[in-house]
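The structure under discussion appears below in the form of structure tokens.
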Amino acid sequence: MKNSDIADHFEELAALYELDGAVSYRVIAYRTAAKAIRESGASVAEMSRQGRAAELPGVGKTIAEKVAALLDTGTIPAAEKLKAKIPVGLVEITKIPGLGPKRVRLLHTEIGVTSLDDLKQAAEDGRLKDVAGFGAKAEENVRAALADGGPKPRTLLSTALALGEELVEGLRGHPAVLRIELAGSARRRAETCKDLDIVAAASDPAALVEAFGELSAIDEVTSSGQAGAKALTHQGVPVDLRIVPEASFGNLLQHFTGSGRHNEALRTAAVKRGLHVSEYGVTEDSVTTTCATEQEVYERLGLDYVEPELREDRGELEAAAKGQLPDLVRLEDIRGDLHSHTVASDGRNTLAEMAGAARDRGLDYLAVTDHSATHGFGNHVTPDELRRQIERIAKFNETLDGFRVLAGTETNVLPDGTVDYEDDLLAELDWVVASVHTSFRLSEKEMTERMVTAIEHPLIDVIAHPTGRLIGKREPYAVDLDQVIEAAARTSTCLEINANPNRRDLSEVYAREAARAGVKILIDSDAHGAETLANMRYGLATARRAWLTADDVANTRSWEDLRALRPR
DNA sequence: GCCGTTTTCGGCCCGACTGTTTTCAGTCG
């Protein structure tokens with residue numbers, strides 16, 4: 001069973017306990033455990049079989065036993081028992097804004113609601129407002145939420161970031177602005193964002209709120225006041241602008257950058273030192289001091305500054321307290337891009353255009369890795385064409401000084417783990433990327449064998465987008481990444497963080513696990529046009545969220561040093 | 001239910017908003 005499936009079971013169990021009226025700390029404990037399970041880079045099923053599940057933070061003896069039972073029988077006995085008295089449909093209802101466990105429980109006991117359909121009917125019949133604590137407004141909210149078609153999908157980082165940066169830059173020049181920053185999950189460079197948070201200090205808050213409402217990207221301001229405003233963009237993305245005095249800008253930025261879990265852990269740790277942290281300042285013995293910068297907030301708490309990408313409660317506070325935070329890889333550390341396409345396959349630009357664009361971006365080398373013969377989508381490169389391409393690149397390099405194009409391929413890994421060019425042709429290339437583009441639905445065992453076979457091929461330098469996922473669109477294919485990582489470490493084969501914002505594959509969790517296992521990671525744009533070389537920033541975001549340093553990332557090296565990692 | 005440089009028992013982040021109340025519980029981020 002996958003980590004995410006196990007985590008889903010414990011999320012459901014937490015919701016059931018909550019509806020049952022269990023003490024909140026027990027509910028929180030199950031949610032914390034579910035997060036740890038979901039974010040484990042190693043297989044929790046495997047850990048459980050080895051009796052090591054309790055090594056996960058937030059998983060103790062009780063939850064470890066429940067994991068074992070789940071793996072054994074497919075269900076958690078405690079969850080089955082709860083479902084006998086609490087309809088599982090109520091869990092869905094708690095996802096409607098404004099309907100928490102207490103109120104949903106009331107709907108169940110008072111008017112017998114057991115599902116979203118029941119709720120819809122009750123709202124249409126006007127029976128909701130008869131329940132104690134519910135009024136006309138509550139009934140209207142429920143109707144609106146149900147008519148709305150449920151929760152909005154989260155926005156991909158690339159869209160959210162472009163939007164957020166446009167909004168912030170649109171306000172930065174305003175005369176009332178003293179400081180302004182994009183905060184929230186966009187600043188943490190998460191894969192997707194629910195909303196955008198903008199934090200500002202202003203000499204005239206009302207004027208800034210007015211200017212905010214007039215930005216061309218804003219469709220409608222839903223509420224506003226001296227402290228800020230809430231609005232929706234034309235795409236329907238909620239935006240929250242918060243304004244504070246300049247003296248506490250650092251506190252507010254820290255608070256609204258989150259994550260919620262990071263802040264919770266930060267405050268818990270602070271309480272042990274007798275300090276109380278909020279968005280307004282740090283309080284000790286009822287004296288509150290404000291911080292103009294985030295650096296001051298962390299310093300005040302005896303911690304090293306924590307980069308936004310690390311603020312996910314994944315051990316960053318312990319590391320910050322010990323001075324052991326990683327020196328995260330930066331965009332300017334990246335020397336080359338080892339996965340790109342040209343018009344020879346399905347790219348939009350020529351070899352020379354791609355090389356020029358890469359050079360303009362400050363890179364020293366670019367591998368051109370057009371799709372191989374069995375790609376099956378758009379144009380592909382036959383063996384003879386690939387030989388001509390190698391010659392073309394050699395000639396082209398003679399015209400360059402201080403930049404190098406590498407002759408490469410993105411060769412298809414076939415279901416049996418072999419690739420679709422002969423070895424003697426692969427041997428003529430500078431760089432060989434291999435990836436899966438077809439037959440996604442193999443069993444986990446078959447897919448794992450396929451990947452490991454490719455990794456063991458001595459001429460394959462890197463496995464690209466190793467799980468095949470598309471964020472919010474396609475699940476990773478079934479593959480045992482523990483084995484893939486082990487094989488990559490053993491054979492010095494690189495694993496890619498594909499920087500396409502739809503992919504970001506490896507994900508941060510597995511990239512961290514792979515680097516820990518000693519695998520060299522590549523961050524590649526997989527650009528299909530000159531402009532998408534800029535996608536490197538999203539791959540970098542994933543690498544930073546995976547705690548990677550420049551040393552962990554192979555393409556921070558010169559081509560000569562990188563080549564030395566993969567001797568032929 | 002978890003966890004321990006103040007604890008193996010007694011804690012477990014902080015503040016704002018909302019609706020339906022006559023002083024606040026529930027919900028949210």
Side-chain angles (χ1 to χ4, degrees), chain A residues 10 13-14 16-37 53-67 76 78 93-107 128-142 145 151 183-185 188 193-197 199 222-228 230 238-240 242 244 248 251-252 254-283 288 297 301-302 311 313 317-318 321-322:
Chain A
F10 282 93
L13 181 56
L16 289 168
Y17 270 128
E18 194 172 38
L19 285 163
D20 193 40
V23 290
S24 60
Y25 296 113
R26 182 198 270 184
V27 175
I28 291 168
Y30 279 107
R31 297 221 160 103
T32 303
K35 176 184 186 277
I37 290 166
E55 288 176 19
L56 292 163
V59 175
K61 190 161 168 277
T62 306
I63 294 181
E65 280 170 6
K66 287 183 160 72
V67 171
I76 305 170
I93 298 179
T94 59
K95 290 173 186 163
I96 294 174
L99 292 186
K102 301 256 168 51
R103 285 159 66 82
V104 169
R105 192 177 148 85
L106 215 52
L107 289 174
L128 285 189
K129 61 178 179 297
D130 300 338
V131 181
F134 285 74
K137 184 79 181 166
E139 192 163 276
E140 181 47 38
N141 283 349
V142 167
S185 51
R188 299 197 315 276
C193 304
K194 190 167 119 220
D195 57 13
L196 292 168
D197 296 289
V199 165
T222 52
S223 74
S224 71
Q226 281 283 309
K230 290 178 190 294
V239 186
D240 204 343
R242 283 288 300 261
V244 279
S248 48
N251 300 104
L252 188 71
Q254 195 285 322
H255 176 78
F256 274 97
T257 296
S259 64
R261 290 274 187 172
H262 172 83
N263 287 348
E264 216 178 301
L266 185 81
R267 289 165 179 181
T268 302
V271 165
K272 290 183 182 157
R273 310 171 67 116
L275 301 170
H276 297 271
V277 181
S278 80
E279 60 262 55
Y280 301 106
V282 180
T283 306
T288 301
V297 177
L301 301 173
R311 300 184 198 168
D313 190 26
L317 292 174
E318 293 81 347
K322 293 184 199 156

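Chain identifiers are assigned alphabetically (A, B, ...) following the order of the sequence lines, protein sequences preceding nucleic acid strands; residue numbering begins at 1 within each chain.
- If you check B:dT8 for Watson-Crick or wobble pairing at under 3.5 angstrom, you find it has no partner at all.
- Within the 4.0 Å cut-off from OP1 or OP2 of B:dG1, at least one side-chain nitrogen or oxygen of A:Y30 is found.
- Comparing the P positions of B:dG11 and B:dT6 gives a spacing of 16 Å, expressed to the nearest Å.
- Rounded to the nearest Å, the gap between the P atom of B:dT21 and that of B:dT27 is 15 Å.
- Ion pairing between a basic and an acidic side chain is recognised when a charged N comes within 4.0 Å of a carboxylate O; A:R105 and A:E18 show no such pairing.
- Near DNA chain B, defined here as any heavy-atom distance below 4.0 Å, the residues from residues 256-264 of chain A are A:E264, listed numerically.
- Although no hydrogens or angles enter the test, the distance criterion places no donor-acceptor pair under 3.5 Å between the side chain of A:T32 and the main chain of A:G58.
- Formation of a donor-acceptor pair under 3.5 Å by the A:R242 side chain with backbone atoms of A:L252 is not found in this model.
- Across all strands, A:V277 comes closer than 4.0 Å only to sugar-phosphate atoms, never to a base (heavy-atom distances).
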Using a cutoff of under 3.5 Å, can you pull out all pairs of nitrogen or oxygen atoms linking the protein to nucleotides 18-24 of chain B, with atom names and distances?
unit_1: B:dT20; atom_1: OP1; unit_2: A:G135; atom_2: N; d: 2.4

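- By the side chain to side chain donor-acceptor pair (under 3.5 Å) test, A:D240 pairs with A:K230, sequence neighbours left out.
- The same atom, P, is picked in B:dA16 and in B:dT20; the two are 22 Å apart, to the nearest Å.
- With sequence neighbours excluded, the residues that form a ring-ring contact (aromatic ring centres under 6.0 Å, His included) with A:Y30 are A:Y17.
- With sequence neighbours excluded, no residue forms a ring-ring contact (aromatic ring centres under 6.0 Å, His included) with A:F256.
- Both A:S278 and A:D195 sit near DNA chain B, but only A:S278 has its closest nucleotide nearer the 5' end.
- Mapped onto DNA chain B by nearest heavy atom, A:H276 and A:R26 fall at different nucleotides, with A:R26 at the one closer to the 5' end.
- Applying side chain to side chain contact (heavy atoms under 4.5 Å, CB included) to A:H276 and the options A:V282, A:T288, A:V271 leaves one that passes, A:V271.
- Backbone-only engagement by A:I96 is indicated by non-hydrogen atom pairs under 4.0 Å involving sugar-phosphate atoms exclusively.
- Among the atoms of the strands shown, only primed sugar atoms or phosphate atoms (P, OP1, OP2) are found under 4.0 Å from some heavy atom of A:K194.
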Its contact letters, B for base, S for sugar-phosphate only and - for none at protein heavy atoms under 4.0 Å, make nucleotides 2-9 of chain B read SS------

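- At a cut-off of 3.5 Å, with distance as the only test, no side-chain donor of A:S278 or A:R267 sits close to an acceptor on the other residue.
- Taking atom C1' on both B:dT23 and B:dC13, the two are 24 Å apart, rounded to the nearest angstrom.
- A:S248 places no side-chain N or O within 3.5 Å of a backbone atom of A:N251 that could act as its donor or acceptor partner.
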Subject >> From CA spacing to verdict: side chain to side chain contact (heavy atoms under 4.5 Å, CB included), A:H255, A:V297 >> reply: CA-CA 10 Å; A:H255 176 78; A:V297 177; over 6 Å; no

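- Comparing the C1' positions of B:dC3 and B:dT8 gives a spacing of 9 Å, expressed to the nearest Å.
- Between A:E318 and A:K322 there is no salt bridge, since no side-chain N of the basic residue sits under 4.0 Å from a carboxylate O of the acidic one.
- Between A:H255 and B:dC14 there is no side-chain N or O to OP1 or OP2 distance below 4.0 Å.
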